[in-house]
Amino acid sequence: MTIAALIVAAGRGQRAGTPGPKQWQPLGGRRVIDWTLDAFRATPLIDRILVVLHTDDLGLLPDSPDFEVTTGGDTRAGSVRNGLEYLAANGGDVTHVLIHDVARCCITPAHIAQIAARVQTGDTPGVAPALAVTDALWIGADGQVAGTQDRSGLYRAQTPQAFDFAAILDAHRAHPGGGADDVEVARVAGLAVSIVEGDESNLKITHPPDFTRAEKILRDQMDIRIGSGFDVHRFGAGDHVMLCGVAVPHERGLQGHSDADVGMHALTDAIYGGLAMGDIGRHFPPSDPQWKGAESHIFLRHAVNLAAEHGFKINNIDVTLICERPKITPHSTAMRAALAEITGVTVDRISVKATTSERLGFTGREEGIAAQAAVTLVKTCA
């Protein structure tokens with residue numbers, strides 16, 4: 001079975017009171033859409049992620065191997081239909097789909113996994129999360145209570161709503177449009193939909209105060225770690241130096257047990273530090289001859305994989321190289337690309353910069369190069 005997640009993100013969100021669509025607004029240091037995408041990225045049961053965007057927003061989401069992008073329609077139902085048709089035309093192996101509103105950015109990987117597992121093994125072609133209505137319900141007219149409504153059997157619908165892919169595709173193709181959500185489309189087509197327990201924290205950002213509520217929920221859900229690393233290597237014989245995975249021409253090389261990539265070593269130690277799991281020497285002892293001359297990407301990949309094994313995503317990387325020469329700026333773009341390839345972090349979240357020590361100390365005397373690095377590791381706890 002192949003499960004796809006379809007993230008509906010083409011709306012304009014005018015009720016949110018923001019200067020632009022709410023999915024692109026800052027929330028807890030990131031954008032709303034980034035939180036939503038990361039929740040699905042962190043769910044192993046999800047095989048593909050498709051984001052449906054407004055044509056005006058196509059340049060706002062960096063290219064990533066983790067998700068695909070297509071354009072939406074004039075309505076939510078039209079955007080879902082476009083996304084389903086894209087999935088049908090590109091790959092054709094999707095068996096189930098989870099359809100989710102991008103503004104529900106507090107969804108957790110655990111909740112996503114529960115819904116995905118249920119639609120795979122359940123006895124109905126549809127599964128949707130919902131919360132039973134517990135408050136008294138009134139009927140209002142002209143600003144006054146005009147009556148009451150029995151709340152028995154009433155639920156507050158949430159997303160992601162999960163379906164057999166072929167069944168919901170046929171349902172959307174046959175639907176005249178205008179459905180409030182995909183459960184409505186499914187029921188018009190005669191599809192049974194099972195209710196699973198929703199999550200009170202899975203709110204949909206709709207009005208301005210919802211941003212404050214969402215930020216508090218996300219903060220409570222996260223384990224955020226900051227790691228720092230520092231490394232030094234002296235100059236020796238050679239015609240280049242390895243820095244952040246790039247061979248930079250120079251009249252001298254750097255000495256070390258491995259390839260002496262001082263930038264990559266500092267970054268590796270920063271990740272180990274954020275995990276509170278020692279340093280390179282603990283994991284790759286210099287006394288072990290098998291690491292003599294080893295390429296430093298081996299160490300960095302190990303640290304990245306270790307972070308993933310413990311549930312952490314690397315949110316951003318900042319590396320500073322300290323030297324008089326060689327000049328770093330002409331090579332910084334290539335260095336960022338090399339680190340992105342190894343770590344899986346997008347280039348727009350990686351900084352490689354340089355500074356001098358104003359001719360002071362061993363770097364000022366051009367006896368070697370120093371590097372410091374910082375990373376942020378984030379894990380969703382719920």
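Quick caveat: nothing in here was measured; it's all calculated off a predicted structure.
A salt bridge links Arg30 to Asp38: at least one charged side-chain nitrogen sits closer than 4.0 Å to a carboxylate oxygen. Ion pairing between a basic and an acidic side chain is recognised when a charged N comes within 4.0 Å of a carboxylate O; Glu200 and Arg156 show such pairing.
In terms of heavy-atom proximity, Ala373 sits nearest to Ala270 at O-CB, 3.8 Å. Taking each heavy atom of Ser64 and Arg41 in turn, the nearest pair found is OG-NH2, 3.6 Å. In plain terms, the two heavy atoms of Ala260 and Ser296 that are nearest each other are N-OG, 4.5 Å. Across all non-hydrogen atoms, the minimal contact from Gly73 to Asn82 is N-ND2, 3.6 Å. In plain terms, the two heavy atoms of Ala103 and Lys22 that are nearest each other are CB-CE, 3.7 Å. Contact record, Ala186 with Phe163: CB-CE2, 3.7 Å, taken as the closest heavy-atom pair.
Applying the salt bridge (Lys or Arg N to Asp or Glu O under 4.0 Å) test to pairs two or more places apart or on separate chains, those with a residue in residues 49-61 are Arg12-Asp57. Sorted by first and then second residue, the salt bridge (Lys or Arg N to Asp or Glu O under 4.0 Å) pairs with a member in residues 289-307 read Arg301-Glu341; sequence neighbours excluded. Listed by first and then second residue, the salt bridge (Lys or Arg N to Asp or Glu O under 4.0 Å) pairs involving residues 73-92 are Arg76-Asp101, Arg76-Asp182, Arg81-Glu85, Glu85-Arg173 (not counting sequence neighbours). Residue pairs meeting the ring-ring contact (aromatic ring centres under 6.0 Å, His included) criterion with at least one partner in residues 216-246, sequence neighbours excluded, are His233-His265, Phe235-His250.
Looking at Asn316, its side chain never comes within 3.5 Å of a backbone N or O of Arg349 through a donor-acceptor pair. At least one donor-acceptor pair closer than 3.5 Å links the side chain of Asp34 to the backbone N or O of Arg31. When atom types are taken as modelled, the side chain of Gln158 and the backbone of Asp199 share a donor-acceptor pair closer than 3.5 angstrom. With hydrogens and angles disregarded, a donor-acceptor distance shorter than 3.5 Å links the side chain of Thr206 to the backbone of Lys204. Under a 3.5 Å cut-off, the side chain of Glu366 and the backbone N or O of Thr363 do not form any donor-acceptor pair. Here the side chain of Trp35 pairs no donor or acceptor atom with the backbone of Ala214 at under 3.5 angstrom. With hydrogens and angles ignored, the 3.5 Å screen pairs a side-chain donor or acceptor of Arg336 with a backbone N or O of Val347. Without hydrogens or angle criteria, Asp231 side chain to Gly263 main chain gives no donor-acceptor distance under 3.5 Å. The main-chain N or O of Leu137 is never found under 3.5 Å from a side-chain atom of Arg151 such that the two would form a donor-acceptor pair. Of the possible donor and acceptor atoms, one in the side chain of Asp210 sits under 3.5 Å from a partner among the backbone N and O of His207.
Here the side chains of Phe40 and Ile107 are in contact, with some heavy-atom distance below 4.5 Å. A heavy-atom distance below 4.5 Å is found between the side chains of Pro249 and His331. Using a 4.5 Å heavy-atom threshold, the side chains of Leu84 and Phe165 count as touching. Between Cys105 and Gln23, the closest side-chain pair of non-hydrogen atoms is not below 4.5 Å. Using a 4.5 Å cut-off on side-chain heavy atoms (C-beta onward), Val8 and Val80 make contact. Looking only at side-chain heavy atoms (C-beta outward), Val51 and Ile33 come within less than 4.5 Å of each other. The shortest side-chain heavy-atom distance between Glu367 and Arg234 does not fall under the 4.5 Å cut-off. In this structure, Thr18 and Phe211 have side chains that are in contact, with non-hydrogen atoms separated by less than 4.5 Å.
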Go through Met264 and Met242 one step at a time and tell me if the side-chain contact (heavy atoms from CB on, under 4.5 Å) criterion holds.
-> CA-CA 9 Å; Met264 207 172 283; Met242 288 299 300; over 6 Å; no
side-chain contact (heavy atoms from CB on, under 4.5 Å) between Leu61 and Phe67, worked out = CA-CA 10 Å; Leu61 201 60; Phe67 55 79; 3.5 Å; yes
CA sep, side-chain torsions, deciding dist, call: Tyr272, Leu306, side-chain contact (heavy atoms from CB on, under 4.5 Å) = CA-CA 8 Å; Tyr272 287 143; Leu306 199 60; 4.0 Å; yes
Apply the test side-chain contact (heavy atoms from CB on, under 4.5 Å) to residues Met335 and Val319: give CA-CA distance (whole Å), side-chain angles for both, the deciding distance (0.1 Å), then the verdict.
-> CA-CA 10 Å; Met335 292 176 185; Val319 178; over 6 Å; no
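The CD1 atom of Ile46 sits 5.5 Å away from the CD1 atom of Ile3 when rounded to the nearest 0.5 Å. Expressed to the nearest 0.5 Å, how far NZ of Lys216 lies from SG of Cys106 amounts to 11.0 Å. Between the CG atom of Asp269 and the CD1 atom of Ile280 there is a distance of 4.5 Å, given to the nearest 0.5 Å. The structure places NE2 of His297 at 13.5 Å from OG1 of Thr343, a figure rounded to the nearest 0.5 Å. Atoms CZ and CG, on Phe299 and Asp279 in that order, are 12.0 Å from each other to the nearest 0.5 Å. Once rounded to the nearest 0.5 Å, the distance linking CG of Leu37 with CD1 of Ile49 reads 6.5 Å.
Phe284 has its ring centre less than 6.0 Å from the ring centre of His302.
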Let me have the donor-acceptor pairs involving side chains of residues 114-135, under 3.5 Å, with sequence neighbours excluded, atom names and distances please.
unit_1: Thr121; atom_1: OG1; unit_2: Ala117; atom_2: O; d: 2.9
unit_1: Thr124; atom_1: OG1; unit_2: Gly126; atom_2: O; d: 2.8
unit_1: Thr124; atom_1: OG1; unit_2: Ser194; atom_2: OG; d: 2.7

Review item, side-chain donor-acceptor pairs of residues 90-98, under 3.5 Å, at least two apart:
unit_1: Asn90; atom_1: ND2; unit_2: Tyr86; atom_2: O; d: 2.8
unit_1: Thr95; atom_1: OG1; unit_2: Thr2; atom_2: N; d: 3.0
unit_1: Thr95; atom_1: OG1; unit_2: Thr2; atom_2: O; d: 2.9

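Partners of Ala10 according to the side-chain contact (heavy atoms from CB on, under 4.5 Å) rule, which considers only residues two or more places apart in sequence or in another chain, are His54, Ser79. The side chain to side chain donor-acceptor pair (under 3.5 Å) search around Asp170 returns none, not counting sequence neighbours. The side chain to side chain donor-acceptor pair (under 3.5 Å) search around Asp318 returns Ser351, Lys353, not counting sequence neighbours. With sequence neighbours excluded, no residue forms a side chain to side chain donor-acceptor pair (under 3.5 Å) with Asp164. Residues satisfying the side-chain contact (heavy atoms from CB on, under 4.5 Å) test with Thr355, not counting sequence neighbours, are Thr320, Ile322. For Thr70, there are no side chain to side chain donor-acceptor pair (under 3.5 Å) partners two or more places apart in sequence or in a different chain.
Transitive grouping of hydrophobic side chains (ILVMFWY, heavy atoms separated by less than 4.5 Å) brings Ile350 and Leu321 into a common cluster.
Gln144 and Asp142 form no side-chain donor-acceptor contact under 3.5 Å, judged by distance and modelled atom types alone.
At most 12 heavy atoms of other shown residues, nucleotides or ligands fall within 6.0 angstrom of atom CG in Asp63.
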